[in-house]
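For reference, the structure discussed in these notes is given below.
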Amino acid sequence: MKRIPRSFFNRSALDVAPDLLGRLLVGPDGQSMARIVETEAYMQDDPAFHAWGIVDPPTGLVRPSGRGYALFAPPGTSYVYLCYGVHWLLNVVTEPEGRAGCVLIRAAEPTAGLDRMFTRRPSARTERDLCSGPGKLTQAFGISGEHHQIDLCGPSGRPSMHFADDGQTPTEIPSVSSRIGITRAIDRPWRFFYASNPHVSPGVPSDIAAERRRIRRNSGQSKYSG
DNA sequence: ACGAGGATGCTCT
DNA sequence: GAGCATCCTCGTG
């Protein structure tokens, strides 16, 4: 059981995201653990990225205001933010210094500390309800704003949130889709997941969701267009 | 099964 | 004031 080193995150988010599948997330309590089964990559040149547009094109300078500035932190730093005013979402910063990118941890299969997870997530009825979504996962682990911008690659010793490799070989090739729940850049295939794993989130990839909405809109219109 | 709607707070290509 | 990297509950089949 080894902490994943900073060098692992000192790469493109497009490489880190699929490579994190099968690795373990160890929570802030040092005991709760889950095997990651779903991630998404967010890139600097990406309209869905929180740091999109904060680089001034002519000068290359980064505007130091706004929440996206935290995504220029060193690789291996956490980026935790509040989504819809309700749920905390956990990302890891990637990319060499000077560039920005991150990986969203979307779903995981609990492997340790399940009793604590059930306590922190009263609405969960089955194990599958614990970490099968980015908001559920942070609630199960007790991750919130106080865990924003912390080093996930620090020295082992006292308990702290980090990623770990237990040497278990991934049993499955990652599947790919567009990302979930976004409205911009919905065609980029930057979601990675283990298709056969029951702990993957039930969300629908954004390109498929948009197509379904379009079809429904059209059939709804035809009812009144006669 | 599936769809609709509400909660709720922060940011602002 | 609009727009979100979501989840839960409560309606209808």
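Convention: sequence-line order gives letters A, B, ...; per-chain numbering from 1.
- In this structure, A:R212 places its CZ atom 8 Å from P of B:dC2, rounding to the nearest Å.
- With C:dC8, C:dC7, C:dA5 as the choices, the nucleotide that has an atom nearest any side-chain atom of A:P134 turns out to be C:dC7.
- Checked against A:M161 for a side chain to side chain contact (heavy atoms under 4.5 Å, CB included), the options A:L25, A:D29, A:D151 give a single hit: A:L25.
- Taking hydrophobic clusters as Ile, Leu, Val, Met, Phe, Trp and Tyr residues chained together by side-chain heavy-atom distances below 4.5 Å, A:F192 shares a cluster with A:L137.
- The environment of CZ in A:R23 is crowded: more than 12 heavy-atom neighbours from other residues, nucleotides or ligands sit within 6.0 Å.
- Across the protein-nucleic acid pair, A:R191 atom CZ and C:dT6 atom P stand 11 Å apart, rounded to whole Å.
- Residue contacts shown for A:R121 are limited to sugar-phosphate atoms, with no base heavy atom under 4.0 Å away.
- Of the two residues contacting DNA chain B, namely A:V86 and A:G53, the nearest-nucleotide position lying further toward the 5' end is that of A:V86.
- Using a 4.0 Å heavy-atom distance criterion, A:R179 is classed as making no nucleic acid contact.
- Among the nucleotides C:dT6, B:dT13, C:dC8, the one closest to the side chain of A:C83 is C:dT6.
- Base pairing annotation: C:dG11 forms a Watson-Crick or G-U wobble pair with B:dC2, both donor-acceptor distances under 3.5 Å.
- Between C:dT6, B:dG9, B:dT8, one nucleotide has an atom nearer to the side chain of A:L89 than all others, and that is C:dT6.
- If you measure from atom CZ of A:R213 to atom P of B:dG3, you get 12 Å, rounded to the nearest angstrom.
- In this structure the side chain of A:L152 never reaches within 4.5 angstrom of the side chain of A:R3, judged on heavy atoms.
- The listed nucleotides are C:dC7, B:dT11, B:dG9; the one nearest the side chain of A:L82 is B:dG9.
- The distance between atom CH2 of A:W88 and atom P of B:dC10, rounded to the nearest whole Å, is 8 Å.
- Here the two rings, on A:F163 and A:F9, have centers that are under 6.0 Å apart.
- With rounding to whole Å, A:W52 atom CH2 is found 14 Å from C:dG3 atom C1'.
- One atom, OH of A:Y81, and another, C1' of C:dT6, lie 9 Å apart when rounded to the nearest Å.
- Using a 4.0 Å heavy-atom criterion, one finds that A:R184 contacts the sugar-phosphate atoms exclusively.
- A straight line from NZ of A:K136 to C1' of C:dT9 spans 14 Å, rounded to a whole angstrom.
- In the set C:dC4, C:dC7, B:dT11, the nucleotide with an atom closest to the side chain of A:T183 is C:dC4.
- Where stacking is scored as ring centres under 5.5 Å apart with planes under 30°, A:Y84 does not register as stacked on the base of B:dG9.
- Using a 4.0 Å heavy-atom distance criterion, A:G85 is classed as a base contact.
- With hydrogens and angles left out, the side-chain atoms of A:R121 and A:Q139 include a donor and acceptor closer than 3.5 Å.
- Computed from coordinates, the A:I208 CD1 to B:dC2 P distance equals 14 Å when rounded to whole Å.
- A:H50 has no side-chain polar atom (N or O) that falls below the 4.0 Å cut-off from OP1 or OP2 of B:dT11.
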